[in-house]
Each structure stands twice: as C-alpha cells, then as structure tokens.
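I have placed the structure first, in the form of structure tokens, so that the comments after it can refer back to it.
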Amino acid sequence: MTLFVNHLTHIDASLWSPEHGLTGVSWHVDAELDGELGPDGMLFDFGEVKPWIKSRLDAGLDHTLLVPTEAAGIQVVDCAEGLCLRTQFPYRMEVRGPRQSFTLLPWPEITADRLAVHLSSELSRRPPAKVDTIRLRLRDEEIETAAYTYSHGLKHHTGNCQRIAHGHRSRLHIWRDGRRDAALEAQWAQALDASYLIHDEDLDTPFDEQPLDELSVAYQAAQGRFSLKLPRQRCHLLSTPTTIEHIAAWLADTIARDTGSRIRVQAFEGIDKGAMADAMPPATTHDDA
C-alpha cells in the first residue's frame with residue numbers, strides 16, 4: 001500500500017550551475033511511502049513520519065550550497081573556515097565556510113529529479129517503523145507571472161540563513177499607482193535573476209577599494225567564518241541586511257525613484273512567505289528664481 005502526501009515541506013538552497021552560475025532554488029517536496037497495513041487499517045501515523053522526513057531535510061541540504069563536484073572547473077579543498085569552493089565556468093567564484101554549509105554531490109550538474117532520487121535512497125535506508133520505501137519528488141512552484149532567483153546570507157540569523165550562499169526562487173508582484181504592472185515585474189525579475197544580494201557592511205573592504213570586476217564579502221556568524229567573491233555584475237548592494245523585509249523596501253524605493261510613481265512591492269522569500277512595502281517617488285522642488 002502507498003500513502004502519498006503533496007506539499008510535505010519545501011527546500012530553499014542555492015546550487016552551482018555550469019550554465020548559470022550561482023542560482024537560488026525553492027522546491028516543493030512531495031512524498032510517497034510504501035508499507036503494510038496495520039490491524040487498525042492504516043499504514044502508519046503520518047503525523048510522526050512527516051516531521052521525521054522534514055527534520056532530515058532541514059539537517060541536510062536545506063539552506064546549503066549544492067555543488068556538482070564533477071562539473072568542469074570545480075575545485076573543493078579544505079581551508080581554515082572548513083571548505084573552500086572555487087569555480088571557473090561560467091564565471092569565477094570563491095566561497096569559504098563551515099562544511100555543513102555545503103552539500104557536495106559527485107555529479108556534473110544538479111537537477112531536481114536526480115536530487116529527489118538521491119534523497120529517496122538516503123531516507124529509505126533506515127525508514128521509520130512500518131515504512132518500507134520513501135520516494136520524494138522535488139518540483140518548482142508554479143508561477144505564471146514574473147519570477148527570479150537570488151542568493152544571500154544573513155550573518156545575524158540564528159538558524160541556517162546565516163550561511164553565505166543559500167537562496168530562493170520567488171515570485172514578484174509590483175503595483176504602480178495602484179495597478180499591477182506586469183512589465184515592471186518582468187523587468188525587475190530579469191534584473192534580479194541569478195543574482196547575489198549583499199549588505200554593504202559585509203564587504204571585506206570599502207566599496208571604492210574593491211576590484212572593479214569583483215565584490216568580496218566576509219563575516220563571522222554563529223556557525224563560523226564565511227566569505228565569498230563574485231563578479232560585480234552578478235551582485236546587488238543594499239544598505240541594509242538582505243532580509244525579505246528589507247528587500248521589499250529596497251525594491252519599492254528604487255522603483256519609485258526610477259519611475260516617479262507610487263509603488264507597492266510584494267516580495268517573496270521562496271514559496272510561501274514574504275513582505276510588502278510601499279514607496280513614494282522623491283519629492284521634487286521648484287526653483288522660482
């Protein structure tokens with residue numbers, strides 16, 4: 001007998017793509033579980049199995065950087081921080097951090113389908129009582145309007161969001177003067193896609209001392225020391241921590257200034273949560289002289 005549960009949980013992470021570089025991902029997790037019916041006519045108490053699966057995903061690859069170690073130009077070595085990842089294609093990047101902030105996979109590239117098979121095999125090795133086999137499916141959220149991916153790190157976060165290279169795939173809603181503006185949504189989703197968001201105080205040297213083609217970030221967090229170097233064109237610099245609340249406010253302020261319109265932004269952090277912010281265009285002054 002098989003029990004299936006859709007939307008069991010979700011995974012937020014970043015992965016290194018040989019084609020796109022650093023990319024945020026957010027996947028729904030669906031599960032199928034095989035087992036034998038008990039005397040009560042039930043397979044098992046899913047109220048117990050669901051948190052068992054979720055806890056293992058949370059303690060594993062969730063909020064990590066997924067690295068295909070057999071991709072061209074990938075180098076992973078030990079370092080003082082734990083592990084150091086260096087890449088060559090499609091651009092140069094270096095990430096350093098504690099080992100638990102990386103998930104190393106011996107593949108040339110990472111896909112949701114292959115990762116689901118891998119996770120299913122891992123979970124099925126020692127399943128809960130009365131469960132014989134566990135099969136997972138990872139899938140993108142269905143988004144019919146604008147969507148983008150981003151990566152970031154939150155050094156003050158007490159959980160795994162402090163990891164410097166984790167990310168999300170998110171929808172984006174923008175209202176201009178009270179009406180949804182699909183063109184603005186598409187424009188900003190394209191500008192943000194596969195980007196890295198930086199709090200300016202996390203730059204390891206002042207902005208004007210950074211290399212012209214690169215930005216370097218470093219910080220100490222509860223889990224350890226983290227650092228990252230990326231091409232400057234892949235980054236967006238904020239004057240605040242890159243929480244979803246500040247991202248929404250930054251977008252609203254920036255778009256209001258650029259368009260001269262009243263703007264409302266609903267920004268999502270992955271699948272099911274986000275923040276909304278409003279902004280007015282800067283006041284203009286007139287010289288009567």
Side-chain angles (χ1 to χ4, degrees), residues 9-32 53 56-79 82-125 134-143 147-153 160 163-171 189-190 192-197 214 226-231 233-235 270-271:
T9 185
H10 63 266
I11 291 171
D12 291 290
S14 288
L15 61 80
W16 180 258
S17 164
E19 181 179 359
H20 302 293
L22 186 64
T23 304
V25 294
S26 296
W27 290 310
H28 284 294
V29 181
D30 303 330
E32 292 184 354
I53 295 176
R56 278 148 181 80
L57 296 178
D58 290 347
L61 60 81
D62 190 55
H63 281 69
T64 66
L65 174 56
L66 312 180
V67 182
T69 59
E70 293 184 0
I74 292 284
Q75 180 188 40
V76 180
V77 297
D78 293 336
C79 64
L83 288 179
C84 172
L85 165 69
R86 297 188 181 98
T87 68
Q88 296 287 334
F89 313 109
Y91 53 80
R92 294 179 182 271
M93 179 183 75
E94 180 181 286
V95 184
R96 294 171 179 256
R99 291 176 180 273
Q100 68 265 30
S101 60
F102 299 88
T103 297
L104 306 182
L105 297 161
W107 307 335
E109 65 175 336
I110 294 168
T111 66
D113 289 344
R114 187 168 189 177
L115 191 57
V117 172
H118 170 74
L119 291 172
S120 300
S121 176
E122 291 287 316
L123 292 172
S124 295
R125 288 179 181 177
I134 299 171
R135 291 181 299 278
L136 300 184
R137 180 167 69 113
L138 307 182
R139 56 185 174 84
D140 287 331
E141 178 185 18
E142 293 184 5
I143 301 176
Y148 66 99
T149 74
Y150 70 97
S151 301
H152 66 154
N160 293 335
R163 295 169 178 172
I164 201 166
H166 78 275
H168 312 275
R169 175 178 178 265
S170 306
R171 63 181 69 216
Q190 182 178 14
L192 291 167
D193 196 39
S195 65
Y196 188 83
L197 305 184
E214 183 181 77
F226 295 88
S227 67
L228 179 145
K229 296 179 181 179
L230 269 176
Q233 67 267 27
R234 311 292 298 198
C235 302
I271 292 174

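We use all heavy atoms of the structure for the numbers below, so side chains are in, but hydrogens, waters and symmetry mates are not. Everything quoted here is computed from the prediction, not taken from an experiment.
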Within a strict 4.5 Å, meaning less than it, do heavy atoms of the [X] and [Y] side chains meet?
X: Leu105; Y: Pro68; result: no
X: Asp78; Y: Leu83; result: yes
X: Tyr150; Y: Ser14; result: no
X: Val77; Y: Arg86; result: yes
X: Arg169; Y: Ile143; result: yes
X: Leu230; Y: Tyr91; result: yes
X: Leu138; Y: Leu119; result: yes
X: Gln190; Y: Tyr148; result: no

From [options], residue fulfilling side chain to side chain contact (heavy atoms under 4.5 Å, CB included) relative to [X]:
X: Leu85; options: Leu104, Leu228, Ile74; value: Ile74
X: Val95; options: Leu22, Val67, Leu65; value: Leu65
X: Thr103; options: Leu66, Asp62, Ile110; value: Leu66

Regarding Arg171 and Glu141, does a basic nitrogen lie under 4.0 Å from an acidic carboxylate oxygen?
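Salt bridge flag = yes for Glu141 with Arg171.
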Is [X] reaching over with its side chain to a backbone N or O of [Y], donor-acceptor style, under 3.5 angstrom?
X: Thr23; Y: Gly21; answer: yes
X: Thr9; Y: Val29; answer: no
X: Ser120; Y: Ala116; answer: yes

Closest approach of Val76 and Thr69, non-hydrogen atoms and distance?
CG2-CG2, 4.5 Å
Can you name the nearest heavy-atom pair linking Pro90 to Trp16, along with the distance?
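Nearest pair, atom of Pro90 first, then Trp16: CD-CZ2, 3.7 Å.
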Decide yes or no on side chain to side chain contact (heavy atoms under 4.5 Å, CB included) for Asp30 and Leu136, but give the supporting numbers first.
CA-CA 6 Å; Asp30 303 330; Leu136 300 184; over 6 Å; no
Between Leu115 and Leu61, is the side chain to side chain contact (heavy atoms under 4.5 Å, CB included) condition met? List the steps.
CA-CA 10 Å; Leu115 191 57; Leu61 60 81; 3.9 Å; yes
Determine whether Gln100 and Thr64 satisfy the following criterion, side chain to side chain contact (heavy atoms under 4.5 Å, CB included), listing intermediate values before the conclusion.
CA-CA 7 Å; Gln100 68 265 30; Thr64 66; over 6 Å; no
Restricting to salt bridge (charged side-chain N to carboxylate O under 4.0 Å, His left out), what partner residues turn up for Arg92, sequence neighbours left out?
none
What do you reckon, is CD of Glu142 surrounded by more than 12 foreign heavy atoms closer than 6.0 Å?
no
What distance do His28 atom NE2 and Ile11 atom CD1 have between them, rounded to the nearest 0.5 Å?
12.0 Å
May I ask you to decide if the ring planes of His152 and His166 are parallel, tilted or perpendicular, using 30° and 60° as cut-offs?
tilted
